[in-house]
Colleague: 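Provided herewith is a single structure, encoded as structure tokens, for subsequent inquiry.
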2 protein chains.
Amino acid sequence: MTVSERALAEQLNRSLRHIVLMLRRATADQAITSQQLSVLGSLEHGPCRMTELAAEHGVRLPTMTAQINRLERDGLVERGRDGSDARVVTAALTAAGRERLAAGREQRIGFLAERFAGLTDEERAAVAAALPALDKLFAAP
Amino acid sequence: MTVSERALAEQLNRSLRHIVLMLRRATADQAITSQQLSVLGSLEHGPCRMTELAAEHGVRLPTMTAQINRLERDGLVERGRDGSDARVVTAALTAAGRERLAAGREQRIGFLAERFAGLTDEERAAVAAALPALDKLFAAP
DNA sequence: TATTGTTATACTCTATAACTATA
DNA sequence: TATAGTTATAGAGTATAACAATA
């Protein structure tokens with residue numbers, strides 16, 4: 001590992017702290033929690049198994065059971081069964097869940113767009129140029 | 001707001017989702033929670049008032065009272081008094097708290113440095129070039 | 001009266017241990 | 001025996017409402 005990687009990691013760590021704090025302040029008054037919105041996002045492209053959901057979100061299976069219980073109680077997701085293996089339980093968005101996901105996403109995008117309006121063209125270009133590298137940096141293994 | 005700002009906000013929102021999920025998975029087995037580490041970070045440069053801490057972290061005052069209670073119970077922070085106003089309570093790092101903060105930070109930086117090792121020089125340069133703009137984007141108002 | 005902080009209470013989020021059902 | 005999931009229980013994190021102390 002080179003010195004440059006270490007220095008870059010330190011700088012990014014500092015920036016990530018500010019990003020996380022700002023996002024927390026910006027989403028503190030949302031109708032849905034960020035965890036719930038995040039789980040709904042995992043179901044956007046179709047049903048997902050409990051085990052997959054837990055792994056993607058870095059939580060244990062009982063945690064995801066409780067989360068899906070709350071989302072099902074609120075009418076945002078539905079449990080289903082996988083035909084090929086009777087042990088498997090899947091979760092899928094309901095129409096209300098899809099609406100809630102779209103609303104939450106719109107709020108976050110609106111917040112970001114407002115912040116981007118305060119940047120110069122050069123700064124926006126720098127962010128745009130870095131997104132592919134950031135995606136690679138944080139891609140699932 | 002231009003179309004470009006909107007499109008950029010959508011792309012960054014998608015990237016932020018991956019960043020948050022990855023950081024959650026990477027820090028799931030830490031000795032200290034990310035909230036606790038974040039609060040310790042706010043005390044790095046000296047004592048801080050309860051109200052300031054709550055505002056910085058986007059939580060209500062009773063939430064920060066509970067958080068500081070836990071950190072004080074664990075010997076990581078100490079409550080103090082502000083001389084000029086008898087209502088004000090401050091929180092400050094103990095020696096153990098400072099050590100814990102350094103250890104948690106080191107773990108995060110190590111994780112990021114490892115990920116950076118998987119990027120090309122061009123990709124690292126793109127991230128470095130974007131950090132000032134990202135800091136401005138997420139700076140406190 | 002307004003500000004600073006805590007206490008009381010309830011809900012979300014999370015983990016470990018123990019359990020059921022299926023492979 | 002191993003895997004997928006739930007239930008039971010406990011603790012962290014969060015909010016609102018009510019309270020005490022100080023400005």
Side-chain angles (χ1 to χ4, degrees), chain A residues 20-21 23-42 47-92 100 104, chain B residues 20-21 23-42 47-92 100 104:
Chain A
V20 168
L21 286 177
L23 289 179
R24 281 192 57 82
R25 289 194 296 265
T27 60
D29 61 341
Q30 276 205 150
I32 195 175
T33 69
S34 61
Q35 282 85 352
Q36 289 174 331
L37 193 60
S38 191
V39 171
L40 293 184
S42 296
C48 197
R49 296 161 57 132
M50 300 298 292
T51 301
E52 283 178 37
L53 283 174
E56 181 176 5
H57 291 265
V59 300
R60 304 291 181 175
L61 206 37
T63 298
M64 192 50 66
T65 292
Q67 183 65 274
I68 296 297
N69 284 346
R70 288 186 290 268
L71 290 169
E72 198 171 30
R73 175 202 63 190
D74 295 345
L76 302 179
V77 311
E78 277 177 339
R79 275 187 169 87
R81 287 283 175 180
D82 185 293
S84 66
D85 188 334
R87 296 172 301 180
V88 171
V89 171
T90 60
R100 191 69 68 90
Chain B
V20 169
L21 286 177
L23 289 179
R24 281 191 57 82
R25 289 193 296 264
T27 61
D29 61 343
Q30 276 206 153
I32 195 176
T33 70
S34 61
Q35 282 85 351
Q36 289 175 332
L37 194 60
S38 191
V39 171
L40 293 184
S42 295
C48 197
R49 298 161 54 134
M50 300 298 292
T51 302
E52 282 177 40
L53 283 174
E56 181 176 5
H57 292 265
V59 300
R60 303 292 180 174
L61 207 35
T63 298
M64 191 50 67
T65 292
Q67 183 64 274
I68 295 298
N69 284 346
R70 288 185 292 266
L71 289 169
E72 199 172 30
R73 175 203 61 190
D74 295 343
L76 303 178
V77 311
E78 276 178 340
R79 275 188 169 85
R81 288 284 176 179
D82 185 293
S84 66
D85 188 334
R87 296 172 301 180
V88 170
V89 172
T90 61
R100 190 69 66 90

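Model, not experiment: these values are computed from the prediction. In what follows, chains carry the letters A, B, and so on, assigned in the order in which the sequence lines appear, proteins first and then strands, with residues in each chain numbered from 1. Heavy atoms only: backbone and side chains are in, while hydrogens, waters and symmetry mates are out.
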Colleague: Return yes if some donor-acceptor pair links the side-chain N/O of A:T27 with the main-chain N/O of A:Q30 below 3.5 Å, else return no.
Modeller: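 Here the side-chain-to-backbone pair does not exist.
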
Colleague: Can you name the side-chain contact (heavy atoms from CB on, under 4.5 Å) partners of A:T51, sequence neighbours left out?
Modeller: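 Partners of A:T51 by the side-chain contact (heavy atoms from CB on, under 4.5 Å) criterion, ordered by chain and then number, come out as A:L61.
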
Colleague: If the condition is side-chain contact (heavy atoms from CB on, under 4.5 Å), which residues does B:S42 pass it with, not counting sequence neighbours?
Modeller: A:R17, B:L53, B:E56, B:H57

Colleague: According to the salt bridge (charged side-chain N to carboxylate O under 4.0 Å, His left out) rule, which pairs have a member within residues 23-33 of chain A, sequence neighbours left out?
Modeller: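 Checked against salt bridge (charged side-chain N to carboxylate O under 4.0 Å, His left out) - neighbours excluded - no pair reaches residues 23-33 of chain A.
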
Colleague: Can you tell if the side chain of B:Q36 reaches within under 4.5 Å of the side chain of B:T33, non-hydrogen atoms only?
Modeller: yes

Colleague: Quick one: does any side-chain atom of B:R60 pair with a main-chain N or O of B:A54 as donor and acceptor, under 3.5 Å?
Modeller: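 Side chain of B:R60 to backbone of B:A54: no pair is present.
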
Colleague: So if I take the C1' atoms of five pairs at each end of the helix from C:dT1-D:dA23 to C:dA23-D:dT1 and get each local axis, what angle do the two axes make, rounded to 10 degrees?
Modeller: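 For the helix from C:dT1-D:dA23 to C:dA23-D:dT1, the axes at opposite ends meet at about 10°.
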
Colleague: Using the closest heavy atom to pick a nucleotide of DNA chain C for each, name whichever of B:R87 or A:S34 lands nearer the 5' end.
Modeller: B:R87

Colleague: Go through the structure and list residues passing side chain to side chain donor-acceptor pair (under 3.5 Å) with A:E52, not counting sequence neighbours.
Modeller: none

Colleague: Should B:Q35 be listed as having a side-chain N or O under 4.0 Å from OP1 or OP2 of C:dC13?
Modeller: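 No, because none of the side-chain N or O atoms of B:Q35 sits under 4.0 Å from OP1 or OP2 of C:dC13.
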
Colleague: Could you work out which one of C:dT12, C:dG5, C:dT22 sits closest to the side chain of B:V88?
Modeller: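 The nucleotide sitting nearest to the side chain is C:dG5.
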
Colleague: Tell me which residues in residues 49-61 of chain A lie within less than 4.0 Å of DNA chain D, going by non-hydrogen atoms.
Modeller: A:R49, A:M50, A:T51, A:L61

Colleague: Quick check on side chain to side chain contact (heavy atoms under 4.5 Å, CB included): which of A:L76, A:V77, A:T63, A:V89 does A:I68 satisfy it with?
Modeller: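 When side chain to side chain contact (heavy atoms under 4.5 Å, CB included) is applied between A:I68 and each of A:L76, A:V77, A:T63, A:V89, only A:V77 qualifies.
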
Colleague: A:T90 or B:D85: which one's nearest nucleotide on DNA chain D is closer to the 5' end?
Modeller: A:T90

Colleague: Identify, with sequence neighbours excluded, every residue that meets side-chain contact (heavy atoms from CB on, under 4.5 Å) alongside B:P47.
Modeller: B:T90, B:A92

Colleague: Hey, where on DNA chain D does chain B first and last touch, going 5' to 3'? Cut-off is any atom under 4.0 Å from a heavy atom.
Modeller: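 Extent of the interface on DNA chain D: D:dA12 to D:dA23.
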
Colleague: Which pairs with one or both residues in residues 67-80 of chain A pass side-chain hydrogen bond (donor to acceptor under 3.5 Å, both in side chains), sequence neighbours excluded?
Modeller: A:N69-A:R79, A:E72-A:R79

Colleague: Write down the distance between CZ (B:R81) and P (C:dT4), rounded to a whole number of angstrom.
Modeller: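 Spelled out: CZ on B:R81 to P on C:dT4 is 14 Å.
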
Colleague: Whole angstroms only, please: what is the CG-C1' distance between B:D29 and C:dT14?
Modeller: 14 Å

Colleague: Which residues pass the salt bridge (Lys or Arg N to Asp or Glu O under 4.0 Å) test with A:D82, sequence neighbours left out?
Modeller: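 If we apply the salt bridge (Lys or Arg N to Asp or Glu O under 4.0 Å) test to A:D82, skipping adjacent residues, there are no hits.
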
Colleague: Could I get the full list of salt bridge (Lys or Arg N to Asp or Glu O under 4.0 Å) partners for B:R87, not counting sequence neighbours?
Modeller: B:D85

Colleague: A:R73 CZ to C:dC13 C1': how many Å, rounded?
Modeller: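 In whole Å, C:dC13 C1' lies 12 Å from A:R73 CZ.
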
Colleague: Of all of residues 62-69 of chain A, which get a heavy atom below 4.0 angstrom from DNA chain C, listed by number?
Modeller: A:P62, A:T63, A:A66, A:Q67

Colleague: Under 4.0 Å between a side-chain N/O of B:R24 and OP1 or OP2 of C:dT14, yes or no?
Modeller: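 B:R24 to C:dT14 OP1/OP2: side-chain N or O found under 4.0 Å.
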
Colleague: Provide the closest heavy-atom pair for B:L37 versus B:R100 in the form atom of the first, atom of the second, distance.
Modeller: CD1-O, 4.1 Å

